[in-house]
Structures are given as structure tokens and as C-alpha cells.
There are 2 protein chains.
Amino acid sequence: MQEGTFTAPGYSGETARPAPNVYAADCPTRLLLDRIADKWSVLILTTLGPGERRFNGLKRHIDGISQKMLSQTLRSLERDGLVQRDVVPTVPVSVTYAVTPLGRELLDALQAMIDWAERRMGTVASAQVAYDRREEELSLIA
Amino acid sequence: MQEGTFTAPGYSGETARPAPNVYAADCPTRLLLDRIADKWSVLILTTLGPGERRFNGLKRHIDGISQKMLSQTLRSLERDGLVQRDVVPTVPVSVTYAVTPLGRELLDALQAMIDWAERRMGTVASAQVAYDRREEELSLIA
DNA sequence: TCCATCAGGTATCTAATAGTGACCAGATGT
DNA sequence: ACATCTGGTCACTATTAGATACCTGATGGA
């Protein structure tokens with residue numbers, strides 16, 4: 001990191017790294033996946049799709065999520081500008097979460113994937129069964 | 001996608017087990033997410049989109065993936081019927097991977113999400129910066 | 001008054017998962 | 001004879017997810 005030393009792009013002494021491409025770590029798709037490719041983000045977004053909800057409402061609706069993961073994931077969705085958090089000074093205080101316009105856009109973009117899941121997860125499940133049966137046969141031979 | 005029975009915070013019938021709903025663990029979307037919501041599955045699928053590739057070709061293309069995760073994720077995609085593995089008896093043996101018709105369908109369904117990422121990840125990045133700045137201000141007050 | 005309960009979380013600890021580096025087989029080039 | 005290519009696996013560590021306990025602060029009941 002030497003300041004003031006202009007390093008021309010043509011410098012060829014130290015190019016052990018493969019040339020970066022669109023699948024390098026700074027590819028937009030990759031950055032998105034790093035954010036939302038966990039099992040909770042999409043579920044939270046879709047739960048908030050029909051309308052705002054409160055913390056414990058989300059927790060009750062998304063079966064199996066822990067408070068920690070809900071809190072953590074909501075914070076990260078809020079940071080990404082996909083979800084808005086509002087503190088309503090009732091007593092006890094209530095906190096509502098809602099998708100932002102940006103989050104709504106993403107939700108729309110995810111819809112095709114969700115539809116595919118509803119149509120095809122049965123096929124995937126069958127493929128798994130078939131694969132496991134083949135595996136078992138092979139292990140019996142060996 | 002509006003099955004969100006908005007039971008207002010009724011403090012009455014709160015029995016021990018909440019009634020199961022579409023966000024329960026056997027919801028198709030949830031099952032899909034359990035499979036492909038990791039950072040590598042989608043990258044492998046999109047890399048295979050244009051045409052089949054060999055193991056080390058995939059590894060070189062997807063910057064930062066480890067052999068273990070590539071092997072493991074390919075196996076799981078194959079099990080799901082999304083990717084086909086073919087062993088070609090050259091020497092040394094080469095193994096090619098290609099998307100199946102089912103995988104192609106999923107890839108098409110994911111396209112809207114990928115397009116959104118390319119359009120909007122800049123916005124998301126800005127939102128993050130703004131959020132972090134607000135957080136820092138709050139921490140200075142406290 | 002004391003206890004329990006609600007909301008919306010954090011703190012801590014452990015279990016599961018991802019990543020790292022070494023190693024393997026079989027054939028080939030040098 | 002030895003390093004190198006292919007496509008992996010195995011053992012070990014670092015990171016992450018999940019379970020559990022607890023917190024604040026008001027409210028309502030015995």
C-alpha cells in the first residue's frame with residue numbers, strides 16, 4: 001500500500017491471481033447472495049409482503065426461527081434498506097416492521113422463484129428419493 | 001401470497017402450540033430455501049447456465065469456493081435433480097457437470113432476482129452506508 | 001405488596017456448518 | 001524417478017446458527 005507509487009496495470013511480476021471475472025467476490029449477484037442467501041431473510045420478506053408486522057408476530061408466523069436470528073436478520077434487512085423498523089411508543093413499546101419500496105421490488109423479483117418452488121418441489125423430492133436409492137444400490141455392490 | 005391471517009394482538013387463545021401455517025417447515029418455498037439458500041448453489045447453477053463445465057473449471061470460475069464446498073454442493077444439486085454429473089473416461093478421467101431441464105427452469109426463475117441484483121445492489125450499498133452513519137451518530141450521543 | 005406477564009430484545013454457551021490444507025489414485029510427460 | 005494433471009476425500013479449525021437465560025419497564029391480579 002505505498003502511497004504515491006503509481007502502479008501501472010501492466011505490471012506483470014506478481015500476477016499469481018486469476019483474472020477477476022463476474023463471479024469474483026464483487027459481482028452484484030454474489031453480493032446479493034451474501035446478504036439474502038440464508039434461510040431466514042426471504043421468509044421474513046415474504047411474511048412482511050402482505051403488510052407490516054410486529055416482532056413477535058413475525059416470530060410466531062415463521063415457525064422455528066429463534067429470537068436471535070429474527071432480530072439479527074431484521075437488523076441486516078433494515079441495514080440493506082429492504083425493511084423499515086418503526087418504534088411505536090405504546091406500552092409496552094411495540095415495534096413494527098414493513099418492507100420498503102426497495103424490498104417490495106426484491107420481493108417481486110423473488111416471486112418467480114417462489115412459484116417455481118410451489119410447482120416443482122415435489123419433483124425435487126422425487127429426484128432425491130431416486131438418487132438415494134441409486135446410492136444405496138451402489139453401496140450394496142461395493 | 002396473502003394468507004397472512006392478521007390476528008390482531010388478541011391476548012386470548014394463546015395456547016402452547018401455534019397453529020401450523022404455510023411458513024411451517026414443510027412449506028415448498030421453505031424446502032427450496034433449505035436447499036439452495038447458501039452462497040454457492042446459485043453461483044454454481046448460473047455458472048453452468050451457458051453450458052457444461054468440468055470440476056476444476058467450475059472451481060476456477062467461482063472465485064473463492066473450496067474444493068470441499070464445490071464437491072458437496074454439486075452432490076446436493078445432483079441429488080435434487082438440478083445438475084447432472086457425467087464421468088467421461090478420458091485420461092485422467094474428466095467429470096462434467098451440466099444443468100438438467102429442471103435446473104434450467106429454476107435458473108430461469110432465478111433470473112429476475114439476478115437482474116434485480118445487478119440493477120439495485122448499488123442502492124443497497126448506499127442504504128448500508130447511510131445506516132452505518134446513523135448508527136455511529138447514535139453511539140456518539142450515548 | 002408481591003408476583004406474573006406482556007413487549008422486544010441481548011448475553012452466553014453449545015452444536016452444526018463452512019473453510020483450510022494435506023493427502024489419495026491412476027496415468028502421463030521429462 | 002519424479003512432478004503433474006485430473007477429481008476428489010479426510011481431519012482439523014473457524015465461523016455461524018440455535019437454545020437458553022436474562023433484561024427493562026409498565027400493567028394487572030391476589
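So that the names make sense, note that chain A is the first sequence line, chain B the second, and so on, each numbered from 1.
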| field | Along DNA chain D (nearest heavy atom to each residue), the more 5'-positioned of B:Thr96 and A:Ser66 | value | B:Thr96
| Rounded to the Å, how far apart are B:Ile44 CD1 and C:dA18 P? | 12 Å
| said: Counting C-beta onward and ignoring hydrogens, is there a side-chain heavy-atom pair between A:Phe55 and A:Ser71 closer than 4.5 Å? | reply: yes
| request: Just do the side chain to side chain donor-acceptor pair (under 3.5 Å) check on A:Tyr97 and A:Arg85 with the steps written out, would you? | output: CA-CA 5 Å; A:Tyr97 292 90; A:Arg85 178 178 187 271; 3.2 Å; yes
| query | Does any N or O in the side chain of B:Ser41 come within less than 3.5 Å of the main-chain N or O of B:Ala37, such that one atom is a donor and the other an acceptor? | reply | no
| request: Measure the distance from CG on A:Leu74 to P on C:dG9 and round it to the nearest whole Å. | output: 8 Å
| A:Arg53 side-chain N/O to C:dG8 phosphate OP1/OP2 under 4.0 Å | no
| Nearest-Å distance for atom pair CZ/P, residues A:Arg60 and C:dG9 | 14 Å
| query | Between B:Arg30 and A:Ile62, is any pair of side-chain heavy atoms under 4.5 Å apart? | reply | yes
| field | Along DNA chain D (nearest heavy atom to each residue), the more 5'-positioned of A:Gly64 and B:Gly57 | value | B:Gly57
| field | B:Gln67 CD - C:dT20 P separation (whole Å) | value | 12 Å
| Start and end of the DNA chain D segment that chain A contacts, any atom under 4.0 Å from a heavy atom | D:dA17 to D:dA26
| Are B:Lys39 and C:dG19 close enough that a side-chain N or O sits under 4.0 Å from OP1 or OP2? | yes
| request: Would you please confirm or rule out a distance under 4.0 Å between OP1 or OP2 of C:dT10 and any side-chain N or O of A:Ser71? | output: yes
| message | Within the structure provided, determine whether B:Gln111 and B:Asp115 are in side-chain contact (heavy-atom separation under 4.5 Å). | response | yes
| task | Verify, without hydrogens or angle tests, whether B:Thr100 (side chain) and B:Gly81 (backbone) share a donor-acceptor contact under 3.5 angstrom. | result | yes
| request: Please state how far atom NZ in A:Lys59 lies from atom P in C:dG8, giving the value in whole angstrom units. | output: 12 Å
| task | Could you check how far CD1 of B:Ile65 sits from P of C:dG19, rounded to whole Å? | result | 8 Å
| said: Return whichever of B:Met69 or A:Phe55 has its heavy-atom-nearest nucleotide of DNA chain C closer to the 5' end. | reply: A:Phe55
| request: Calculate the interatomic distance between B:Leu70 atom CG and C:dA18 atom P; express it in whole Å. | output: 14 Å
| request: State which of C:dG8, C:dC6, C:dG19 makes the closest approach to the side chain of B:Lys68. | output: C:dG19
| task | State which residue, out of B:Val42, B:Thr46, B:Leu82, fulfils the side chain to side chain contact (heavy atoms under 4.5 Å, CB included) condition with B:Leu107. | result | B:Thr46
